[in-house]
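One structure below.
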Number of protein chains: 2
Amino acid sequence: MTTEETRESGSPPTSADAGGSDVLWLREGGERKQRRAAPLTLERIIDAAVAELDAHGSERLTMRRLAQRLEVTSTALYWHVSNKDDLLDIALDHVIGEVRIPEPGPEPRAALRELLLGWRAAMLAHPWSPSLLGRPLLGPNVLARTEFLQAMLVRAGLSGKELATATSLLVDFVIGAAMNGATWRLLDNPAVLAKARAHITGLKELYPTLSTYGFVDGRWSQDELFHLGLDQILDTLMR
Amino acid sequence: MTTEETRESGSPPTSADAGGSDVLWLREGGERKQRRAAPLTLERIIDAAVAELDAHGSERLTMRRLAQRLEVTSTALYWHVSNKDDLLDIALDHVIGEVRIPEPGPEPRAALRELLLGWRAAMLAHPWSPSLLGRPLLGPNVLARTEFLQAMLVRAGLSGKELATATSLLVDFVIGAAMNGATWRLLDNPAVLAKARAHITGLKELYPTLSTYGFVDGRWSQDELFHLGLDQILDTLMR
DNA sequence: ACCTGAACACCGTTCAAGT
DNA sequence: ACCTGAACACCGTTCAAGT
């Protein structure tokens with residue numbers, strides 16, 4: 001409790017109040033205390049939610065903890081947001097908003113590449129975000145990027161069933177890559193990866209291929225493999 | 001409460017107990033009540049968990065509700081399973097266990113196709129499963145199928161960086177497709193899809209491409225688009 | 001060995017009440 | 001309009017105790 005204790009303001013400063021603690025400028029050391037750190041807004045709530053998620057993951061995000069970070073009651077949040085699920089939807093869309101939409105130059109392929117690399121990077125920067133993917137991606141930021149994605153495909157000459165296939169393919173690929181990448185990034189403990197590898201190679205007769213060719217192999221980074229996979233897909237889509 | 005109320009068994013059947021309700025065979029209508037429906041085992045718990053998830057989704061799965069379904073105390077579950085997260089990991093791996101591993105015929109491409117179609121189908125049959133994907137996929141059933149996947153790629157002649165890229169690409173694609181597909185399947189309300197479409201087409205100036213070419217277009221089913229995308233990927237991987 | 005009951009430390013959310 | 005406080009109906013999990 002850092003806020004001042006409520007005190008009755010009935011008695012005028014006539015009584016022998018030792019130290020004159022009733023004078024405004026002398027009260028509580030005189031530090032001109034802001035009544036409230038800042039007015040609570042939806043934006044501040046979202047920022048705090050993302051910060052909390054980045055710091056402690058989605059498991060530990062609580063309306064109460066979030067409120068504590070904002071120095072308000074948990075119930076105060078419900079004035080600005082209807083419930084926790086909605087807040088999570090907004091936070092996820094907010095993260096996707098960090099993805100820069102490229103200048104729509106004459107090269108749809110390059111623009112697509114940039115968009116999708118940024119998309120995955122944004123989700124991996126907030127590795128809790130893929131696990132929030134349980135509901136349809138219909139936020140404004142997501143839609144804007146999906147719009148750009150499909151527009152580039154159209155510009156590249158795709159249409160009809162080809163266009164629909166390519167759109168799904170690319171969206172599924174980024175989401176899946178973000179999902180899988182995030183699971184490894186979440187347990188940032190570097191020893192866990194070694195343990196996973198040891199677990200697999202320890203069962204050589206069950207997983208001969210995985211243990212010899214290395215499924216969780218460290219020879220190539222996930223970033224590198226995603227780059228290569230994406231290039232391969234783009235090559236076939238817009239040849 | 002369907003179970004018999006605990007009653008003191010101190011008094012012998014000598015008292016004038018109208019109706020002889022103390023005689024074993026007449027007690028409670030005489031239905032030879034099994035003391036316990038069945039011994040609680042990890043397998044029964046998993047089956048019940050999957051059934052509960054299928055019925056009500058992951059939001060409503062509770063240790064207490066699960067226990068109720070099994071007619072035990074919620075705390076009894078902790079004898080067989082260490083905590084809820086572990087149980088969810090097991091349930092997810094259990095679902096992947098439904099995916100049939102094809103006969104490793106001479107055609108790696110056909111086998112791969114069958115495996116991946118089955119993989120996505122299994123997850124979509126339990127649309128809560130993709131949202132449980134927050135942790136590394138290291139269960140025995142998942143590993144067995146990943147092993148098969150990579151083995152087929154090796155048989156097709158891939159190795160080194162090419163092999164690693166192809167493995168990631170395919171895994172990311174199925175996971176992403178299952179994820180995205182499940183989000184739509186979860187809100188089975190058919191009116192919601194129409195509403196989503198209306199939302200997008202209502203913002204024609206913001207999403208011109210999506211609203212004219214149809215992002216959530218119903219002209220082709222998601223199944224169809226996944227088939228086509230998969231074929232396209234497999235074509236480029238093993239040409 | 002396996003299960004119950006009570007208890008602990010939390011949750012999300014509602015709602016009257018304050019300012 | 002915006003926030004607090006109290007309250008409700010839950011959670012996951014631990015642990016002593018029963019059988």
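As the structure is a computational prediction, the values presented were derived from the model and not from experiment. All chains are named by letter (A, B, ...) in the order of the sequence lines, taking the proteins before the strands, and each is independently numbered beginning at 1.
The shortest distance between the side-chain N/O atoms of A:Arg65 and the OP1/OP2 oxygens of C:dC10 is not below 4.0 Å. For the pair A:Trp79 and D:dC3, the criterion of a side-chain N or O lying under 4.0 Å from OP1 or OP2 is not met. Close to D:dC3, at under 4.0 Å from its OP1 or OP2, lies a side-chain N or O of A:His80.
Taking atom CE of A:Met63 as the reference point, atom C1' of C:dT14 lies 13 Å away to the nearest angstrom. For the pair B:Leu70 CG and C:dT4 C1', the computed distance is 15 Å after rounding to whole Å. We find that CG of A:Leu88 is positioned 15 Å from P of C:dC11, with the value rounded to whole Å. Spacing between atom CG of B:Leu61 and atom C1' of D:dG12 amounts to 12 Å, rounded to whole angstrom units. Between the CD1 atom of B:Ile45 and the C1' atom of C:dC2 there is a distance of 11 Å, given to the nearest Å. B:Leu66 places its CG atom 13 Å from the C1' atom of D:dG12, with the value rounded to the nearest Å. As rounded to whole Å, 12 Å separates atom P of D:dC2 from atom CG of A:Leu42. Atoms CZ (A:Arg60) and P (C:dC10) sit 11 Å apart, rounded to a whole Å.
For A:Tyr78, whose side chain is taken as the heavy atoms from C-beta onward, the closest listed nucleotide among C:dT14, C:dT4, D:dG12 is C:dT14. Distance from the side chain of B:Thr73 is smallest for C:dT4 among the nucleotides C:dT4, C:dT14, D:dC3. For B:Arg64, the listed nucleotide lying nearest its side chain is D:dC11; candidates were C:dT13, D:dC11, C:dC3.
No more than 12 heavy atoms of other residues, nucleotides or ligands lie within 6.0 Å of CD in A:Glu59, so this atom counts as exposed by the packing criterion.
With a 4.5 Å cut-off on side-chain heavy atoms, A:Ile96 and A:Arg145 count as touching.
Tested against A:Leu170, the residues A:Thr146, A:Leu116, A:Leu115 include a single side chain to side chain contact (heavy atoms under 4.5 Å, CB included) partner, A:Leu116.
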- Message: Assess the residue pair B:Arg100 and B:Glu114 against the criterion (salt bridge (charged side-chain N to carboxylate O under 4.0 Å, His left out)); give the C-alpha distance rounded to whole Å, side-chain angles, the decisive distance to 0.1 Å, and a yes or no.
- Response: CA-CA 9 Å; B:Arg100 220 177 64 82; B:Glu114 188 184 340; 2.9 Å; yes

- Secondary-structure notation, DNA chain C, from Watson-Crick and G-U pairs under 3.5 angstrom (| other strand): ||.|||||...|||||.||

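The two residues B:Pro130 and B:Ala178 have their closest heavy-atom pair at CG-O, 3.6 Å.
For C:dG5, the base has a donor-acceptor partner in the side chain of B:Thr75 [N/O atoms by modelled type, under 3.5 angstrom].
Side chain to side chain, B:Ser82 and B:Asp86 meet the donor-acceptor criterion of an N or O pair below 3.5 Å. Donor-acceptor pairing under 3.5 Å is lacking for the side chains of B:Thr209 and A:Gln150.
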